[in-house]
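Chain naming here is simple, since letters A, B, ... match the order of the sequence lines and numbering starts at 1 in each. On a predicted model such as this, the values are computed, not experimentally measured, just so you know.
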Number of protein chains: 2
Amino acid sequence: MNLQDQLREHGIQPTPQRLAVAAYVMHAREHPTADGVLERVRKQCPTVSRATVYNTLNLLVRKGLIRTQVLKEGTVVFDPHVESHHHFIDTDTGSIYDIPWHALTVSGHATLRGFDVQEYQVILRGKRRAARPRRR
Amino acid sequence: MNLQDQLREHGIQPTPQRLAVAAYVMHAREHPTADGVLERVRKQCPTVSRATVYNTLNLLVRKGLIRTQVLKEGTVVFDPHVESHHHFIDTDTGSIYDIPWHALTVSGHATLRGFDVQEYQVILRGKRRAARPRRR
DNA sequence: GTCTTGGTTTAGACATAGTCTATTCACCGT
DNA sequence: ACGGTGAATAGACTATGTCTAAACCAAGAC
Ligand SMILES: [Mn+2]
Ligand SMILES: [Mn+2]
Ligand SMILES: [Zn+2]
Ligand SMILES: [Zn+2]
């Protein structure tokens, strides 16, 4: 299915600006900030305003197509991966990596007295290790 | 040991303003923001400036007496609990609760390929359940 | 007692993230 | 063409945080 139909299915009128924002943020792997999205989208659509980018991102969040994550100081980041998963943050570069849900197991959260846990995730910090080159 | 000596031990000249900030933030349970600390400290020391509060909080962090946590949108919060622990965030009120390290166990983090994990914590979200009244 | 000096405090300028408002614009149905 | 609806835009506005330059203060030297 193309992006235009995907937006319509979620009750969003597809406009050129919204398509440009959605095309980028829904496939971004880098957990961009709103101003990061603005910067990137302006390369395709140089007249787009900051307000439109913020409006569109908030709309995509309300409609469940993307979600926000609180992972960086001072700003929220956007994540097209809406299912539960964990995050690793490189303390040198600030880069954020997705960790699949099933890579980690958390035990004990169901028995916390006085807390009705609705969701959780593990935030890991450290340094990205150079991937060992694969022998071919 | 009193607070004045504790600051001196960490190489911090104890001034009235610094003592007022430290006295509050080092015993705060609510994970206050910088402006929350300012508001509270001004009740004791009404002439203290915003710059001094920010300077002092950053100094206490550099010296390892408190730490920052990225748990709230748009602002960092301060935490006198410097050892590893987890956090529960009430999605209704925004209140942040400490969860002791040993209340939860995370497995799998040691075997993540390509990631050198130096620290981690679990962030849980949900609703605080009314504590069942204790029979006396 | 006055002078000097280094560290501290202060007000305000500045930068960035984010929201809101009023105006303009684009697409429609008539 | 005209009118109405929703979207886009520029810019004002708020909040968090940093930075700078000036005022302040406590000690020590004379
Ligand atoms: Mn969907
Ligand atoms: Mn210590
Ligand atoms: Zn993610
Ligand atoms: Zn804490």
Side-chain angles (χ1 to χ4, degrees), chain A residues 3-4 7-8 10-25 30-63 65-79 94 96, chain B residues 3-4 7-8 10-25 30-42 44-63 66-79 94 96:
Chain A
L3 182 59
Q4 201 158 330
L7 294 189
R8 266 193 279 259
H10 286 264
I12 301 172
Q13 277 192 34
T15 67
Q17 292 88 343
R18 286 172 173 176
L19 284 166
V21 170
Y24 170 55
V25 76
E30 60 270 21
H31 299 82
T33 65
D35 281 309
V37 174
L38 174 62
E39 206 177 319
R40 194 71 190 317
V41 166
R42 276 198 169 151
K43 290 179 181 170
Q44 303 295 321
C45 185
T47 66
V48 74
S49 72
R50 217 163 70 96
T52 294
V53 170
Y54 273 89
N55 287 341
T56 301
L57 289 170
N58 290 338
L59 182 60
L60 294 174
V61 169
R62 277 201 308 281
K63 298 300 189 178
L65 286 158
I66 61 177
R67 58 169 299 182
T68 57
Q69 295 279 358
V70 178
L71 298 170
K72 258 189 163 60
E73 289 190 16
T75 182
V76 83
V77 300
F78 294 89
D79 194 336
I96 298 165
Chain B
L3 182 58
Q4 201 157 329
L7 293 189
R8 266 193 279 260
H10 287 264
I12 301 173
Q13 276 192 35
T15 66
Q17 293 88 343
R18 286 171 174 177
L19 285 166
V21 170
Y24 170 54
V25 75
E30 60 270 21
H31 299 83
T33 64
D35 281 309
V37 174
L38 174 63
E39 205 178 320
R40 193 73 189 316
V41 166
R42 277 198 169 150
Q44 303 296 321
C45 186
T47 66
V48 75
S49 72
R50 217 164 68 95
T52 294
V53 170
Y54 273 89
N55 287 342
T56 302
L57 289 170
N58 291 338
L59 183 59
L60 294 174
V61 169
R62 276 201 309 281
K63 299 300 189 179
I66 61 176
R67 57 168 300 185
T68 57
Q69 295 279 357
V70 178
L71 297 171
K72 257 188 163 61
E73 290 190 15
T75 182
V76 81
V77 299
F78 293 89
D79 195 336
I96 298 165

Over how many whole Å does the gap from [X] atom [atom1] to [N] atom [atom2] extend?
X       : N      : atom1 : atom2 : result
A:Gln13 : D:dT5  : CD    : P     : 14 Å
A:Glu73 : D:dG17 : CD    : P     : 8 Å
A:Leu38 : D:dT9  : CG    : P     : 10 Å
B:Arg62 : D:dT18 : CZ    : C1'   : 13 Å
A:Arg8  : D:dG6  : CZ    : P     : 17 Å
B:Arg18 : D:dA26 : CZ    : P     : 14 Å
A:Leu60 : D:dA7  : CG    : P     : 13 Å

Presence of [X] side-chain N/O under 4.0 Å of [N] phosphate oxygens OP1/OP2:
X       : N      : result
A:Gln17 : D:dA8  : yes
B:Thr52 : C:dT10 : yes
A:Thr47 : D:dT9  : yes
A:Thr15 : D:dA8  : yes

Does [X], at its [atom1] atom, have more than 12 non-hydrogen atoms belonging to other residues, nucleotides or ligands within less than 6.0 Å?
X       : atom1 : answer
B:Gln4  : CD    : yes
B:Glu73 : CD    : no
B:Glu30 : CD    : yes

Checklist outcome for this item: With sugar-phosphate taken as primed atoms, P, OP1 and OP2 and all else as base, the protein-contact string of nucleotides 12-30 of chain C at under 4.0 Å (heavy atoms; B, S, -) is -----SBBB----------
Checklist entry - Is there a side-chain contact between A:Asp35 and A:Val53 (heavy atoms, below 4.5 Å)? => result no
Checklist entry - Heavy atoms, side chains only, cut-off 4.5 Å: are A:Leu57 and A:Val61 in contact? => result no
Pair up each side-chain donor or acceptor in residues 12-22 of chain B with any protein partner under 3.5 Å, not counting sequence neighbours, and list the distances.
{"residue": "B:Thr15", "atom": "OG1", "partner": "B:Arg18", "partner atom": "N", "Å": "3.2"}
{"residue": "B:Arg18", "atom": "NH1", "partner": "B:Gln13", "partner atom": "O", "Å": "3.0"}

Checklist outcome for this item: Of all heavy-atom pairs linking A:Gly36 and A:Tyr24, the shortest is O-CE2, 4.5 Å
